[in-house]
Amino acid sequence: MFDGICNVCNHWVQFVIKRDPKGIFKFLSLQSVLARSLIIKHNPNNTQLDSIILIDKGQIYTESTAILHIINKLTGPIRFFILFWIIPKKI
């Protein structure tokens, strides 16, 4: 899920689509009713609508953690950025 109003988020979606030849990712604007219900279902304490959110196997990931999980499933040199997983989230 992504912020459908944010240009950076929209570019990120296009970036992922180009590197997802298997089509494993499905996209949903955070402003949609379905997105709100999924967020409440998976994480009722956090209903923010200004981030990248990934739901994978029932687990919800947000912000940089979501991006790293997405990168891990993409193809090409972008996978190099998986190395950032070793950097603590607070940084």
Side-chain angles (χ1 to χ4, degrees):
M1 292 179 273
F2 66 101
D3 183 350
I5 299 170
C6 170
N7 284 332
V8 173
C9 296
N10 284 301
H11 287 305
W12 169 251
V13 168
Q14 295 305 313
F15 179 87
V16 171
I17 289 171
K18 289 178 185 175
R19 288 155 184 83
D20 180 22
K22 296 179 184 175
I24 61 172
F25 291 104
K26 308 297 181 227
F27 300 94
L28 184 61
S29 169
L30 286 170
Q31 287 75 23
S32 71
V33 174
L34 179 56
R36 289 176 193 261
S37 67
L38 286 170
I39 291 169
I40 290 168
K41 176 183 175 184
H42 290 281
N43 191 7
N45 298 325
N46 185 2
T47 57
Q48 71 182 29
L49 297 176
D50 61 349
S51 180
I52 300 290
I53 298 175
L54 171 68
I55 299 175
D56 186 23
K57 299 176 186 166
Q59 182 69 35
I60 192 165
Y61 304 99
T62 61
E63 300 170 340
S64 62
T65 305
I67 290 172
L68 289 172
H69 277 274
I70 292 167
I71 288 172
N72 190 41
K73 296 177 189 248
L74 298 179
T75 60
I78 188 66
R79 291 185 49 91
F80 167 79
F81 287 99
I82 280 303
L83 295 174
F84 286 110
W85 226 316
I86 62 173
I87 299 173
K89 187 175 180 177
K90 290 182 181 180
I91 295 175

Please tabulate, for side-chain N and O atoms in residues 4-18, each donor-acceptor pair with protein atoms closer than 3.5 Å (sequence neighbours left out).
| from | atom 1 | to | atom 2 | distance (Å) |
| --- | --- | --- | --- | --- |
| N10 | ND2 | G4 | O | 3.3 |
| N10 | ND2 | C6 | O | 2.8 |

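- Atom CD1 of I70 and atom CD1 of I52 lie 6.5 Å apart (nearest 0.5 Å).
- No continuous path of hydrophobic side-chain contacts links I40 to V33 [ILVMFWY only; heavy atoms under 4.5 Å].
- Across all their heavy atoms, L54 and H69 have their closest contact at CD2-CB, 3.5 Å.
- For S29, the side-chain contact (heavy atoms from CB on, under 4.5 Å) criterion is met by Q31, not counting sequence neighbours.
- Applying the salt bridge (charged side-chain N to carboxylate O under 4.0 Å, His left out) test to D56 and every residue at least two apart in sequence or in another chain returns K73.
- Annotation: ring-ring contact (aromatic ring centres under 6.0 Å, His included) contacts of F25 (sequence neighbours excluded): none.
- Expressed to the nearest 0.5 Å, how far CG of L38 lies from CD1 of I60 amounts to 8.5 Å.
- The nearest pair of heavy atoms linking T75 to P21 is OG1-CD, 3.7 Å.
- In this structure, the separation between OG1 on T62 and CE on M1 is 10.5 Å, given to the nearest 0.5 Å.
- Here the CZ atom belonging to F2 is positioned 12.0 Å from the CD1 atom belonging to I53, to the nearest 0.5 angstrom.
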